[in-house]
Amino acid sequence: MDLRLVHLCILTLSCSFAQDIDLGTVIFANVLFRHGDRTPLNPYPTDPYKNESLWPVPFGQLTNLGRHRHLLLGRWLRNRYEHLLPDTYSLYDIYVRSTDVDRTLMSAEANLAGLYPPKDKQIWDNDIKWMPIPIHTIPEKQDNLLAAKKYCPKYDYEIEKLKNSPEIQRINKENEKLYIYLTEHSGKKIDSLESIEYLYDTLSIENIFNLTLPKWTTPVFPYKMQKLASMDFKLPAYNKILQRLKSGLLLGEMINHMVKKQEGALYPDRKLWIYSAHDTTVANLLMTLGVFDEHCPPYTATVLMELRVNTKEQYFVTISYKNSSAEPTLLTIPGCLALCPLHQFVKLTKDTIPEDWEKECVLDWEQHESSINLTTIFGILTSSILMLISLVFMIIGFVYWHYKREHNQYYRRLTTDPI
Amino acid sequence: MISVLSRWEYEDLEETRMDRAKGFLADNCRKGKRGICVTVVVLGIFIGCALLGYTAFASTSHRNATLAQVTIIFRHGYRTPTETYPNDPYLHYKWPDGWGALTKKGMLQMYNLGKWIRDVYGWLIGKSYNSSTSHVQSSYADRCIMSAQALLAGLFPPDPEETFLPGLPWLPVPVHSTPRELDKTIVVKAPCPRLDEALKEAYQNDTKQTDLQSYYAELSNYTGKKISDITDVEFLYNTLEIEDLNKLTLPEWTQKFYNDKMKEIAARSLAIFTSNTLQQRLRGGPLLKEILEHMMETRTKDNWRKLYLYSAHDITLVNVLRTMGFTNELFKPDYGAALIFELHLVNGGQSHEVKVLYLNSTQTMEPHRMSIPGCEDPCLLDNLIKILKPVIPVDWDKECILSN
């Protein structure tokens with residue numbers, strides 16, 4: 001009892017301490033966000049709203065609300081990094097990378113319109129308070145950093161393994177009734193967390209658009225489906241190997257920026273690195289950092305990985321997550337404090353960063369062998385023993401037959417001799 | 001009843017009315033005002049015709065019912081120099097946004113080009129941006145991505161209900177791009193040993209043909225930089241041109257050099273990248289192939305994309321032009337210069353006709369028709385494909401491998 005009290009004391013003490021500590025000043029930030037509001041990607045077969053012309057923009061495209069939300073996020077970023085970023089845009093201050101998808105490219109543009117409204121010298125047209133800012137991208141199939149869609153056999157193998165694992169299979173079994181119910185009503189095969197997530201996404205967008213959902217959704221939407229959809233966001237970066245191959249390069253690049261910044265070797269000496277991507281990108285990075293709270297990352301959900309320096313010239317990293325219009329929450333990665341010393345941060349994340357992604361993606365023979373389990377070894381052993389036994393029998397049989405034949409010959413010769 | 005009764009009366013009425021009209025005309029014309037009368041009638045007819053013509057054609061003056069698809073390759077807008085030379089009086093000049101950046105003037109230039117495209121081809125692509133109607137691809141260079149964005153601001157001004165921020169008449173439109181080392185269409189910097197080899201050869205041939213050694217020596221002397229081939233001259237020309245455009249006084253020695261001769265050498269430097277069929281096939285061919293494939297979509301798809309925009313460099317335009325056979329003249333495209341491909345469905349959609357236009361100046365905005373060598377008007381798509389076959393790569397990567 002006493003001990004518990006002491007613990008409590010220490011806890012409250014450290015908590016109040018944590019609030020007072022000097023968070024230092026941000027000198028560099030990696031910012032990863034999800035695009036703004038969009039229309040459904042792919043409606044289900046029985047969807048009353050599956051006609052694309054019913055929507056303001058084609059499927060999967062950014063809506064006006066989405067543009068606006070990102071413009072506001074851009075303004076919020078301007079406010080947060082006012083001390084860091086000059087008023088006017090320069091390629092030496094900021095780099096923007098997006099996945100090669102219309103809605104993420106457009107979100108980044110809208111965001112930058114909020115972050116860099118042109119000021120005096122940069123105004124190029126008096127009517128348009130906007131200026132072009134380059135956004136870099138790469139075709140999705142070649143992108144292993146942000147879209148993470150470049151072909152990686154090892155990842156495909158590992159994710160398949162996870163989906164077939166007893167753990168996931170158990171979840172599937174527990175929800176079999178729900179799967180059948182949804183398949184029946186939506187006209188689409190629902191047999192995994194992923195397929196639930198897609199369906200949930202479409203329904204929640206229709207909900208946001210104030211469209212009346214079909215009756216059958218009432219008992220399952222949103223809560224029952226939401227729980228499973230949120231769970232699905234954990235899967236793509238569920239374990240170390242998946243994290244390494246899916247998010248490791250992105251995390252590695254972010255850390256590299258911060259380490260270089262500390263060393264004074266970042267060239268150009270930029271202040272902000274912006275990544276415009278998807279809900280899965282956000283979830284995967286948070287999973288990889290070990291701070292993912294099971295949920296579906298909403299539009300414009302933003303991860304801020306900031307490098308800070310305090311008055312004693314010490315460098316720290318903070319991870320903040322902004323998943324609403326409110327201020328972001330500070331997250332603490334396992335094994336560190338919320339204000340995590342940079343070298344500690346580097347050490348803790350080391351095993352999630354691939355040394356040679358291309359090489360690690362190769363599915364080689366060794367891995368096939370290591371995947372051979374006890375039963376197959378047992379099977380191979382018994383069958384080879386059986387083959388050995390049958391071989392012995394065959395030899396015995398042959399010897400016996402040969403011996404017998406020779407006797408016959410001898411006997412026959414004897415009978416033919418007198419002729 | 002009515003018809004029986006009124007037929008008579010009707011004629012009567014009509015007669016009186018006509019009488020009165022005749023009287024009015026005759027009255028006015030008789031009293032020595034014949035001249036005025038004739039003028040009024042002629043003017044009336046003239047104005048009537050003009051009005052009729054206006055309502056019938058003016059609003060659609062650019063609307064060409066046969067047009068089915070447009071592809072535009074344009075050079076980025078005005079930029080700052082990409083490089084300088086040791087003796088440059090502006091060696092440490094503070095260019096806004098650094099080297100090789102799109103300038104404000106360049107943004108406005110591209111914005112106006114976008115507005116022009118809206119005027120001419122707007123009806124084809126609808127008022128607001130739609131990814132299934134238009135597609136924008138850019139070179140990886142910042143100035144090209146920014147040029148595309150500025151152009152799109154002019155091409156897709158939002159409707160009042162579309163603006164997401166009061167007072168900001170702009171909407172984001174996606175600009176797609178590919179990193180330099182993977183780019184096989186716009187800057188063609190993806191590794192290709194065969195092209196490297198061919199270029200080396202082309203430089204050697206060029207040196208053999210013309211003797212510019214003393215010219216190079218003089219230039220090297222003035223600039224303090226080793227000038228040893230036509231591409232060095234081209235880069236120097238570009239720097240001088242930009243400094244000149246920005247009203248910076250050029251040093252004395254340039255009076256003798258910064259002239260048409262230098263511009264021609266610069267243009268030759270652009271041409272050397274497509275100096276033979278092999279180079280044309282591997283450097284200009286990929287983009288041309290893509291354009292032809294898009295044109296073919298009008299046959300295979302019901303809903304084909306109507307507009308393809310490529311934000312590119314001077315070399316891209318020259319590559320494509322020369323690959324198409326425009327090898328008799330030298331090109332040195334200006335900033336914002338555009339090469340336009342129009343695909344028309346003629347004979348009730350039975351035949352596909354290709355028209356090529358070249359807009360060299362964004363100041364006049366007057367494109368001129370170019371007659372494709374070997375494909376006389378009307379140039380049908382099938383003919384064009386046949387003619388271009390030798391310069392369209394089948395498997396670029398394979399053809400890039402050196403065969404020995």
Side-chain angles (χ1 to χ4, degrees), chain A residues 36 52 56-72 75 88-92 95-98 100-114 117-118 121-143 268, chain B residues 76-77 96-112 128-133 135-138 140-154 157-159 161-165 167-183 311:
Chain A
E52 200 174 38
V57 290
F59 286 136
Q61 294 283 315
L62 194 68
T63 64
N64 238 4
L65 182 60
R67 290 170 191 149
H68 192 233
R69 232 194 267 264
H70 253 292
L71 184 102
L72 293 184
R75 286 183 176 171
T88 50
Y89 162 79
S90 159
L91 78 141
Y92 300 117
Y95 188 88
V96 189
R97 161 102 184 229
S98 168
D100 194 18
V101 179
D102 283 1
R103 59 181 177 277
T104 48
L105 287 163
M106 290 161 104
S107 292
E109 284 186 32
N111 192 293
L112 290 168
K121 259 173 97 185
Q122 278 188 323
I123 296 172
W124 57 280
D125 186 285
N126 280 324
D127 292 333
I128 303 183
K129 297 288 179 292
W130 165 84
M131 65 171 289
I133 291 171
I135 292 154
H136 301 91
T137 188
I138 171 171
E140 280 191 295
K141 279 199 178 134
Q142 283 154 331
D143 187 356
Chain B
H76 55 78
D97 271 323
W99 302 93
L102 185 71
T103 62
K104 267 182 4 182
K105 210 176 134 200
M107 292 174 194
L108 196 59
Q109 181 190 20
M110 297 320 288
Y111 177 75
N112 287 331
S128 44
Y129 168 79
N130 186 327
S131 60
S132 50
T133 314
H135 184 82
V136 190
Q137 192 76 33
S138 170
Y140 207 57
D142 282 5
R143 57 178 177 277
C144 290
I145 299 175
M146 291 163 89
S147 289
Q149 288 179 359
L151 182 144
L152 291 164
D159 276 339
E161 69 266 23
E162 269 186 315
T163 46
F164 58 99
L165 186 75
L168 182 69
W170 168 80
L171 280 182
V173 174
V175 176
H176 299 269
S177 58
T178 305
R180 256 178 121 71
E181 68 278 10
L182 299 173
D183 185 347
S311 184

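Keep in mind the model is a prediction, meaning the values are calculated, not measured. Just so it is clear, the values below take in all heavy atoms, side chains as well, and ignore hydrogens, waters and symmetry mates. Labels below follow one simple rule: chain letters A, B, ... track the order of the sequence lines, proteins then strands, and each chain is numbered from 1.
Between P132(A) and M146(B) the shortest heavy-atom distance is O-CE, 3.2 Å. Nearest heavy atom pair, residue P172(B) against residue M106(A), reads O-CE, 3.2 Å. In plain terms, the two heavy atoms of P139(A) and S177(B) that are nearest each other are CD-O, 3.8 Å. Counting all heavy atoms, side chain and backbone alike, I145(B) lies closest to I135(A) at CD1-O, 3.5 Å. The two residues A113(A) and W170(B) make their nearest non-hydrogen contact at CB-CZ3, 3.5 Å.
Rounding to the nearest 0.5 Å gives a distance of 6.5 Å between CD of E162(B) and CZ of R67(A).
With a 4.5 Å cut-off on non-hydrogen atoms, D142(B) touches chain A through its backbone and its side chain both. With a threshold of 4.5 angstrom between heavy atoms, I123(A) approaches chain B through N, CA, C or O but not through any side-chain atom. Using a 4.5 Å cut-off between heavy atoms, V173(B) touches chain A through its backbone atoms (N, CA, C, O) alone. Proximity to chain B (any heavy atom under 4.5 Å) is restricted, for P58(A), to the side chain, taken from C-beta onward. For L182(B), the part lying under 4.5 angstrom from a heavy atom of chain A is the side chain only. For a residue to count as touching a neighbouring chain, one of its non-hydrogen atoms must lie under 4.5 Å from one of that chain's; by this rule T163(B) touches chain A with the backbone only.
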Exercise for review: Show the numbers, then the answer: is there a side-chain contact (heavy atoms from CB on, under 4.5 Å) between D125(A) and L108(B)?
Suggested key: CA-CA 7 Å; D125(A) 186 285; L108(B) 196 59; 3.6 Å; yes
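Of all the listed residues (M131(A), R103(A), R75(A)), the one sharing the greatest number of non-hydrogen pairs under 4.5 Å with chain B is R75(A). Contacts with chain B were tallied for D102(A), V57(A), D127(A); D102(A) has the most, counting heavy-atom pairs under 4.5 Å. The most heavy-atom pairs under 4.5 Å with chain B, out of Y92(A), Y89(A), W124(A), come from W124(A).
Looking at Q149(B), its side chain does come within 3.5 Å of a backbone N or O of I133(A) through a donor-acceptor pair.
Taking 4.5 Å as the limit, every side-chain heavy atom of C144(B) sits out of range of all side-chain heavy atoms of P134(A). Annotation: side chain of Q61(A) is in contact with side chain of S131(B) (closest heavy-atom distance under 4.5 Å).
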